[in-house]
Amino acid sequence: MTEGASLPAGSPPLIGMLGLTKRYGNIVAIDRLDARVDGKIIGLLGPNGAGKSTLLKALLGLIPYEGGARVLGLEARTHGADIRDRVGYMPEQEAFLAGMSAVELCTYAGELSGLPRTEAMQRAHAALYYAGLEEKRYQPIDGYSTGMKQRVKLAQALVHDPEILFLDEPTNGLDPRSRDEMLELIAELPARRGCAIVLSTHLLPDVERVCDHAVIMHQGRVRFVGSIDELRGARGRDTEILVEVKADAARLGEVLTEAGATCQVVSAVTLSVSLPETATNELVFRRAREAGLQIRGLGVRRETVEAAFLRVIGDAPKKDAQP
Amino acid sequence: MSTTPPVSPAGTIHDLGYKRYVGTRRSAGTRWLVIARNQISSSWKTWWRYKSSLALAVIVTFIAGGVMFILSDKVIRDFAGAAATTMSDAALPKSIQWYTRAAFLVSLTIGARVVAGDLQSGAFTFYFSRSVRPRDYVIGKLGGMFALMAPINLAGPLLLACARLGLSQDVDQLIGSLMLVPKAIAIGLLGTLVFATVPVAFSALIANGRYAIALWGAYYLVFGFIVSMIGRHSDSWIGALDLATSLDAVALQLFDLHLFTGRAGNLDPTVALASILVHIAAAIAIVGYQVRSAHGSGVGGAS
């Protein structure tokens, strides 16, 4: 459903799902997911209980499921271990070993992922350095602050050189500055480490800031898969523009309404315009010229990810009403 | 995909010469070795967790070896006054219970926390989000415990058996004593297996290290004492549920020592051996089942 942004043409998608279903007894946690997901930083969005973590577990090959789930072209059911060697996972909850320092933990993580000890140690230092823990890496993790622990979790997920990183709520519990730093680290990863990222979060500003693609889940179903631009423009919202004129915005509104646009006067010199689906910005310039009005500025009025998310979730039918 | 890291304009991200790893990876079937090695190295870090008990085992070996050497000709008589055995022959079997005590200390400081500590700290997520299978984890943890217990339970008796061979007066006596070596290995292996598995099973039952230690300690000391007393007074098999008494009974039988038998005196060695083997098998099954159960729910947290 999306274009491949990080893999060469002809490569399998980062993640492919076909009728992916997971039931816990009578409860359907994820329900017939069909999606082909690509991108550099993919936001996995959904309210609590949407099935995000269940989906991550299925993709890591940790739980049995019905249907198909492929990661990097490998079926998770049969190649879970191979997938986990190529995927880094940063869990939401604490997942440390008591008494270990950051460098010991990351070295151990690298070895468990199959790296030789020397290589694991070198990469542990590099990953911790990347995560900004260069001075503290020999101290026991038990004494770390929340922000430092988040950085260790990121480093341990990176240490074995994964092709995809699954990050589960990586900015949870962080103060604004640490959150900025964590998002900067995440945003830089595809270019610096050549890996794609699946960012599972409920913090939509984080997604808006770093993600280029999004998967929205609600009530165990996928409601949207595509680029952030497609998400914002999913109902033609990219055609909503804000026009600034020298004077008489109302007059411009009249002529554009005659041309089929929907207009709303914001102020004497500002007009919000929703163009017909087939029209382009050229229509605004042409009609303004014909009416003798001078345009001083024109910008696309974009929907926020938050608004788009709420729209997608709001559009979703109630689960009870589904067949 | 670019593999050349650009320079961060903000200067806040440090990335020194990153290169994609192109070498071979350790095969999935050998990941348990990494877990076992980590188990050993983390136990070796502090003196009180392992080194102190190892030191106790070394001291026991020196004392028993010294007794063998210095009092080699001293005859021990039974209550009727008849010669029953020599100090050099009795030193090895009587030292077994001291090795058992040292091993019990290690089981308290390490064994009973092995799985419980990981459950408590969320380490299952750490392990199972990688290509570690439940059996790798179980084999790694039990293998690590075996490697820690073997120098205490196995090496000491083996050294004493060798020392006893060295004290032989002639070749005939040496040949006659050769069976001491496999017997020492057998009882050493049995003790090692008990303390490498049973405490770990208790640690797998409770996701809290302290409670797991308390439960194991209560089972071994309190429950063991009660059942051995009941077994002694009722002359029944129930005393075999006490692991310490059972190990002692098997050791005394192996080395054919029938003096100063204590609580083990009334216990049938065959029943004792069966109890030990059942404990070991049940412990491995419990650890395997608990780890497998936790495996599926160990990653992800709430959605």
Side-chain angles (χ1 to χ4, degrees), chain A residues 6-7 29 46 48-57 60 62-64 80-85 87-89 91-100 105 108-109 111-116 119 123 126 129-130 132 134 156-157 160-161 166 168-169 181 184-185 188 190-195, chain B residues 1-8 10 12-35 37-38 41-42 45-46 49 113 117-118 120-133 136-137 140 209 295-303:
Chain A
S6 61
L7 290 174
N48 287 342
K52 303 190 298 287
S53 292
T54 302
L55 175 61
L56 290 185
K57 286 182 198 177
L60 286 167
L62 293 169
I63 52 172
D82 295 327
I83 289 171
R84 294 195 294 276
D85 266 351
V87 172
Y89 177 65
E92 179 184 3
Q93 70 276 30
E94 286 198 8
F96 302 120
L97 279 76
M100 271 196 171
L105 183 90
Y108 188 36
E111 285 190 272
L112 286 174
S113 294
L115 298 183
E119 188 73 30
R123 283 179 180 270
Y129 201 67
Y130 178 83
E134 60 271 24
Q156 62 83 30
H160 59 292
D161 206 11
F166 288 171
D168 202 354
E169 306 284 2
E181 290 171 355
E184 189 181 355
L185 288 171
E188 293 280 343
R192 290 173 178 274
R193 298 293 170 115
C195 60
Chain B
M1 290 182 187
S2 167
T3 55
T4 309
V7 177
S8 168
T12 52
I13 293 176
H14 314 289
D15 206 6
L16 298 176
Y18 167 75
K19 288 178 192 164
R20 183 161 283 287
Y21 180 68
V22 291
T24 53
R25 287 182 191 261
R26 179 192 287 270
S27 80
T30 60
R31 307 283 163 96
W32 68 270
L33 282 170
V34 177
I35 296 170
R37 195 179 61 206
N38 179 70
S41 65
S42 62
K45 271 185 190 170
T46 48
R49 294 189 76 194
R113 287 188 63 94
D118 283 347
Q120 201 171 357
S121 68
F124 270 41
T125 303
F126 174 83
Y127 282 108
F128 297 132
S129 62
R130 299 169 202 289
S131 51
V132 174
R133 298 162 297 185
D136 297 329
Y137 178 88
H295 170 245
S297 56
V299 176
S303 68

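What you are looking at is a predicted structure, and each value in this text was computed from that prediction instead of being measured. Just so it is clear: chains get the letters A, B, ... in the order the sequence lines come, proteins before strands, and each one is counted from 1.
- In this view, A:Phe166 satisfies the ring pair (Phe, Tyr, Trp, His ring centres under 6.0 Å) rule with no residue, not counting sequence neighbours.
- B:Arg25 places a side-chain N or O within donor-acceptor distance of the main-chain N or O of A:Ser113, the cut-off being under 3.5 Å.
- Chain B forms more heavy-atom pairs under 4.5 Å with one residue of A:Ala157, A:Ala95, A:Ala81 than with any other, namely A:Ala95.
- The shortest side-chain heavy-atom distance between A:Arg84 and A:Tyr89 does not fall under the 4.5 Å cut-off.
- For B:Arg37, the part lying under 4.5 angstrom from a heavy atom of chain A is the side chain only.
- With a 4.5 Å cut-off on non-hydrogen atoms, B:Thr24 touches chain A through its backbone but not through its side chain.
- Residues forming a salt bridge (Lys or Arg N to Asp or Glu O under 4.0 Å) with B:Asp118 (at least two apart in sequence, or on another chain): B:Lys141.
- Ranked by heavy-atom pairs under 4.5 Å with chain A, the first of B:Asn38, B:Thr30, B:Val132 is B:Asn38.
- Looking at A:Glu119, only its side chain comes within 4.5 Å of chain B, counting heavy atoms on both sides.
- Neither the backbone nor the side chain of B:Leu33 has a heavy atom closer than 4.5 Å to any heavy atom of chain A.
- Contacts with chain A were tallied for B:Ala123, B:Gly117, B:Gly23, B:Ser121; B:Ser121 has the most, counting heavy-atom pairs under 4.5 Å.
- Side-chain atoms of B:Arg20 come within 3.5 Å of backbone N or O of A:Arg193 as a donor-acceptor pair.
- Using a 4.5 Å cut-off between heavy atoms, A:Leu112 touches chain B through backbone and side chain atoms alike.
- Using a 4.0 Å cut-off between charged nitrogen and carboxylate oxygen, A:Asp85 and B:Arg31 count as a salt-bridge pair.
- Residue A:Leu105 touches chain B through both its backbone and its side chain, counting heavy-atom pairs closer than 4.5 Å.
- The shortest side-chain heavy-atom distance between B:Phe128 and A:Leu60 does not fall under the 4.5 Å cut-off.
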